[in-house]
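Notes for the one structure printed next.
Counting convention: from 1, in listed order, for ligands and their atoms alike.
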Amino acid sequence: MTIAYGLRDRYCGEVDETCVGMNISVCGWVSRIRDHGEHLVFLDLRDHTGQIQCVVDKNINIRSEYVLKISGFVSYRPEENYNDKIPTGRFELKDCEIEILNTAEALPFSLNSKANIDEALRLKYRFLDIRSERMQYNLRLRHNVIQAIRESMSSLDFLEVDTPLLWMPTPEGAREFLVPSRLQKGHFYSLPQSPQIAKQLLMVGGMDRYFQIAKCLRDEDLRADRQFEFTQLDLEASFVGQDQIIEIVSKVISDLFLKILSVSVGPIESISWIQAMLTYGTDKPDLRIPITITDLTALFTSTKVNALRGSSVQAMLLKNVASLGRAKLDEFVAIAKRLGGKGLLWLRVVNDEQGLNFDSPVSKFLEDDDRQAFLKGLDPNEGDLILVVSDEPLLACQILHAVKTYAISEFLIKEEVSKTDYRFLWVTDFPMFESVDENGNAVAAHHPFTMPNEDDLQLMDSNPLKVRSSAYDLVLNGWELGSGSVRIHKREIQEKVFNALGLTDQEAESKFGFMLNAFRYGAPPHAGFGLGIDRLIAIVANESSIREVIAFPKSQSGIDLMTMSPTMVDDRTVKELGLSVLDKDKSETK
Ligand code: ASP
């Protein structure tokens, strides 16, 4: 008996021809019991590796999910009973001796069922759900992915360092979870949104290359596929810039895909943020979908059609859907208006006595030059549909992207998008700030530690929205997999950015004094990245929700349905923390 096997000699799924004729012991859960003649039953015993059929006495009192140790002789099944769908399908254990290690009540749902089991029930009994083949596969895949990442990072000289969970606010845009301090009443730690500041301080500390499989916590309103806590490959390196980080992350990703999926990722293209917005209308394009936006502005400078006289003319060609009904076309227009646009023009490509022509609400206003412009700019065929938004370029492109997304979800090329086609893309040169709030303060697009593009520094006060940054995202099939940036390592620039964000010098000092202070003592140039591991694993596992690759996720409303946390605590505990709960009735609602 080896240490690995414990009470058994083999795992259930590993019984093979080398065991035939041997008496071996296996341990596991009763997966199925089937009748086999008068005195005997077939019992499938399951562990994490698979299952093995055991022929056992009918009179023995055993039910599904009992925990057993079975010792028996391995033999070939009669040929007509071979089941080549499973690796152990030619073997069985005979003359079995059974030791019941534990009994089990009837399960609230069947682990063998192929039907969809209500997710809430699965989450309530997650410990049972984890016994299912799907969860066993996903959690083992998760282990393998994380292991492979650790190996890659180590081989690239990155060192794993833990950073604290009890920390101070990290301004990365999300609300934070607070932890009250019992010893310093009225004071709070925050749980880190990411180890951003800590890892930068490790660079000041001369660690050179850091990584961590880090838990990040964000108290954000839960959207379809968000969790309060998620796992990130967090990394930082000194004396490197954007190109090296991109090279490092690309290598980790391509080694991972090769190892786990035998997929060769190849060189990953990169595109600037503005180019991505103008080509796809989004900074997370799904490159599997070959529909792009064409700027037709130059072809319509002298058009008389009002709907084409906006500040730019952006168009998208949808192939073979000219027959689309009016209701859908009206919905396209409604989407454009909801997003703040003036509207959207559609043109069905038809073939009439003039050759290729356009059937559209503006048909009768189209002049020959307009027709030629569409033909030249988009090269359409009969049966295609052209969508045009004539508006300020970024808005027009965002509208076309929204329409495309709707069209795909409703009727377009869904089947053609392969889940096993992995199209990565680097998006670079993000704007430094995404908006200016009602007080005139800029709002950081990535986080306030991102280095502004040096050429744009002089625009920081006069036109902050024009300042580009050294931030970059990695996108896969329309998902943002991760983001990073070159960091500010000079105190003066950091102060300038804090000011642009609306922090006074005193506020910056009181909140981030330790960091500004660190920058006095020789902070090296540094850059880094955070890669969402849950999402990456979900994509690799071909799952559409990250909850399927997390052992104990929260429900969509942020509740742990198994422990029913968050829970109320008694008054004494609350008081001990120097707190009081204002509205108990409200806090009871779940
Ligand atoms: N802290 C960033 C994030 O969590 C990643 C980074 O910039 O390294 O998105």
So, are [X] and [Y] salt-bridged, with charged N and O less than 4.0 Å apart?
| X | Y | answer |
| --- | --- | --- |
| Arg288 | Asp421 | no |
| Lys199 | Asp234 | yes |
| Lys259 | Asp255 | no |
| Glu236 | Arg209 | no |
| Asp534 | Arg142 | yes |
| Arg218 | Glu176 | no |

Top protein contact for [atom], by heavy-atom distance:
| atom | answer |
| --- | --- |
| atom 5 (C) of ligand 1 | Ser483 O, 3.4 Å |
| atom 4 (O) of ligand 1 | Arg218 NH2, 3.0 Å |
| atom 1 (N) of ligand 1 | Gln196 OE1, 2.7 Å |
| atom 3 (C) of ligand 1 | Glu172 OE1, 3.3 Å |

Per-atom contacts of ligand 1 with [X], taking only distances under 4.0 Å to non-hydrogen atoms:
| X | value |
| --- | --- |
| Lys199 | 6 (C), 8 (O) |
| Gln232 | 3 (C), 4 (O) |
| Gly530 | 5 (C), 6 (C), 8 (O) |

Exercise. Is there a donor-acceptor contact under 3.5 Å from the side chain of Ser312 to the main chain of Asp391?
Worked result: yes
For this session: Please confirm whether the backbone N or O of Asn453 pairs with a side-chain atom of Arg468, one donor and one acceptor, at under 3.5 Å?
Result: no
For ligand 1, find out whether one of its N or O atoms is nearer than 3.5 Å to an N or O atom of [X].
| X | answer |
| --- | --- |
| Gln193 | no |
| His446 | yes |
| Ser194 | yes |

Problem set entry | Per-residue contact class, Arg487 against ligand 1 - non-hydrogen pairs under 4.0 Å |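 The answer is the side chain of Arg487.
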